[in-house]
Amino acid sequence: MAGTEVLHERRVAPSILSADFSRLGSQVDEVLAAGARVIHVDVMDGHFVPPITFGAVIVEAVADRVHDAGGVVDAHLMIEQPERHVRDIASAGADNITVHFEATAQLHYVLDAIREAGCSAGAAVCPGTPAASLDEVAHDVLDLALCMSVNPGWGAQELIPAALEKLTRMRGALPDRVALEVDGGVHQETVKACVEAGAAVLVTGSAVFGSPDPAAAYVEIAELAEAL
Ligand code: DX5
Ligand code: ZN
């Protein structure tokens with residue numbers, strides 16, 4: 001695992017969900033060269049969310065170049081029974097693994113297993129899930145909390161405004177050592193509000209990789225977030 005201190009800094013995290021997969025490596029290189037140090041990888045299983053994206057092979061495909069640039073691979077597992085996949089995703093080179101509160105009956109167990117696998121342990125909550133759902137693990141096995149600002153499954157959705165106030169509540173309730181990430185609908189117009197609400201790691205997919213110039217879009221969003 002690469003050092004995950006970067007997750008405790010303010011960082012814009014490009015999500016490869018919106019990348020051009022025919023040239024994934026060079027797209028990742030472009031945003032790394034522009035300064036990105038957290039690369040977000042959205043794993044979807046067709047059950048927890050309808051789409052199927054990719055799994056450990058894509059983590060492995062990007063991990064070396066991310067690590068060589070001093071960055072971290074942030075794997076967001078939108079999958080049921082995530083405990084069955086933690087070891088493979090970690091072995092493939094993930095540095096942080098985030099699972100959904102809604103996807104496992106064994107949240108404490110799976111977060112512990114993520115740490116055992118050598119990664120930092122994240123838990124995500126969907127828009128309809130109370131922020132306080134993470135309270136029982138926050139002081140124990142949690143390293144990162146992810147507040148979904150859209151319903152998971154697809155890129156390019158609009159940020160749900162209630163997520164901003166939820167972020168503020170989560171930041172207030174979480175111990176300082178737990179990083180707070182926001183994911184969904186984060187772009188030039190919304191990133192500042194997310195920062196003001198308390199998010200540090202700002203996932204952005206379509207606004208970066210949907211742009212004809214991902215590096216320039218990354219820099220623009222990072223400047224707006226004062227995250228350079
Ligand atoms: C959605 C994914 C996001 C997605 C965000 O379920 O978890 O990471 O890539 O895409 P944008 O930034 O386009 O909303
Ligand atoms: Zn995500």
Side-chain angles (χ1 to χ4, degrees), residues 7 11-21 24 27-28 31 36 38-55 58-59 62 66 71-80 82 85 89 94-103 114 119-129 144-164 166-167 179-195 197 199-214 217-222 224-225 227:
L7 295 168
R11 290 282 176 177
V12 171
S15 162
I16 62 168
L17 183 65
S18 294
D20 176 351
F21 276 80
L24 180 61
Q27 292 242 293
V28 170
V31 293
V38 180
I39 300 297
H40 186 85
V41 178
D42 289 304
V43 177
M44 305 186 193
D45 66 352
H47 293 281
F48 181 68
V49 290
I52 300 171
T53 55
F54 40 71
I58 291 291
V59 172
V62 300
V66 175
V72 297
V73 177
D74 175 30
H76 176 195
L77 306 191
M78 285 159 276
I79 64 177
E80 289 176 1
H85 299 273
I89 298 287
D95 304 291
N96 178 76
I97 299 178
T98 295
V99 299
H100 267 265
F101 171 83
E102 305 85 358
I114 292 169
C119 298
S120 75
V125 287
C126 287
T129 301
L144 176 144
L146 169 54
C147 176
M148 290 302 299
S149 40
V150 298
N151 289 295
W154 299 271
Q157 303 180 72
E158 281 304 311
L159 179 140
I160 296 169
L164 296 172
K166 186 176 180 181
L167 277 167
L180 183 59
E181 180 175 49
V182 63
D183 184 6
V186 179
H187 50 65
Q188 285 86 343
E189 276 74 48
T190 55
V191 71
K192 207 167 168 46
C194 293
V195 168
V201 183
L202 307 139
V203 177
T204 171
S206 55
V208 167
F209 288 115
S211 159
D213 187 344
Y218 167 82
V219 169
E220 190 185 356
I221 297 167
L224 287 163

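As the structure is a prediction and not an experimental result, all values here were calculated from the model. Start at 1 and go down the list; that is how both ligands and their atoms are numbered.
Side-chain atoms of T53 come within 3.5 Å of backbone atoms of D42 as a donor-acceptor pair (strictly under, hydrogens ignored). Here the side chain of D183 pairs no donor or acceptor atom with the backbone of M148 at under 3.5 angstrom. Looking at Q188, its side chain never comes within 3.5 Å of a backbone N or O of E220 through a donor-acceptor pair. Distance alone, capped at 3.5 Å, places no donor-acceptor pair between the Q27 side chain and the F209 backbone. Judged by distance alone, with hydrogens and angles left aside, the side-chain atoms of T204 form no donor-acceptor pair with the main-chain N or O of H187 at under 3.5 Å.
Nearest protein neighbour of atom 12 (O) of ligand 1, counting heavy atoms only, is G205 N, 2.7 Å. Atom 3 (C) of ligand 1 has D183 OD1, 2.9 Å as its closest protein atom, hydrogens excluded (heavy atom only). Remark: minimum distance from atom 1 (C) of ligand 1 to any protein heavy atom is reached at W154 O, 3.5 Å. Protein heavy atom closest to atom 14 (O) of ligand 1, with residue, atom name and distance, is G185 N, 2.8 Å. Atom 10 (O) of ligand 1 has as its closest protein heavy atom G155 CA, 3.6 Å. With hydrogens left out, the protein atom closest to atom 6 (O) of ligand 1 is G153 N, 2.8 Å, a heavy atom. Nearest non-hydrogen protein atom to atom 9 (O) of ligand 1 is S15 OG, 2.8 Å. Closest to atom 11 (P) of ligand 1 among all protein heavy atoms lies A156 N, 3.6 Å.
Taking a cut-off of under 4.0 Å to the non-hydrogen atoms of D42, the atoms of ligand 1 that pass are 2 (C), 3 (C), 4 (C), 7 (O), 8 (O), 9 (O). Residue-ligand proximity, H40 to ligand 1, at heavy-atom distances under 4.0 Å covers atoms 8 (O). Distances below 4.0 Å separate heavy atoms of G184 from the following atoms of ligand 1: 14 (O). The atoms of ligand 1 that sit less than 4.0 Å from any heavy atom of P152 are 6 (O). Residue contact check: H76 has heavy atoms under 4.0 Å from atoms 7 (O) of ligand 1. Applying the 4.0 Å criterion to heavy atoms of M78 picks out, from ligand 1, the atoms 6 (O), 7 (O). Counting the atoms of ligand 1 from 1 in the order shown, those under 4.0 Å from a heavy atom of L17 are 4 (C), 9 (O). Taking every non-hydrogen atom of V203 and a distance limit under 4.0 Å, the qualifying atoms of ligand 1 come out as 8 (O).
Of the N or O atoms in N151, none lie within a sub-3.5 Å distance of an N or O in ligand 1.
The shortest side-chain heavy-atom distance between L167 and L180 falls under the 4.5 Å cut-off.
Under the 4.0 angstrom criterion for non-hydrogen atoms, A207 is not in contact with ligand 1. Residue-ligand proximity: T204 is placed with a non-hydrogen atom under 4.0 Å from ligand 1.
Scanning all heavy atoms of the two residues, the minimum distance from F101 to V125 falls at CB-CG1, 4.1 Å. Considering every non-hydrogen atom in both P82 and V99, the closest pair reads CB-CG1, 3.5 Å. Residues W154 and L17 approach most closely at C-CD2, 4.3 Å, considering heavy atoms. When every heavy atom of A207 is checked against every heavy atom of V186, the shortest pair comes out as CB-O, 4.0 Å. Taking both residues in full, the closest heavy atoms of I114 and A121 are given as CG2-CA, 3.7 Å, listed atom of the first, atom of the second, then distance. Residues A222 and V12 approach most closely at CA-CG2, 3.8 Å, considering heavy atoms.
With a 4.0 Å cut-off on non-hydrogen atoms, H187 does not touch ligand 1 at all. When heavy-atom distances to ligand 1 are checked against a 4.0 Å cut-off, S206 comes that close through both its backbone and its side chain.
Distances from the Zn ion (ligand 2) to each N, O or S atom of H76 single out ND1 as the nearest. Here the N, O or S atom of D183 that is nearest to the Zn ion (ligand 2) is OD2.
When rounded to 10 degrees, the angle formed at the Zn ion (ligand 2) by OD1 (D42) and NE2 (H40) equals 90°.
Of the residues I16, V66, V38, I39, the one that meets the side chain to side chain contact (heavy atoms under 4.5 Å, CB included) test with V31 is I39.
Atoms CG and SG, on L159 and C194 in that order, are 5.0 Å from each other to the nearest 0.5 Å.
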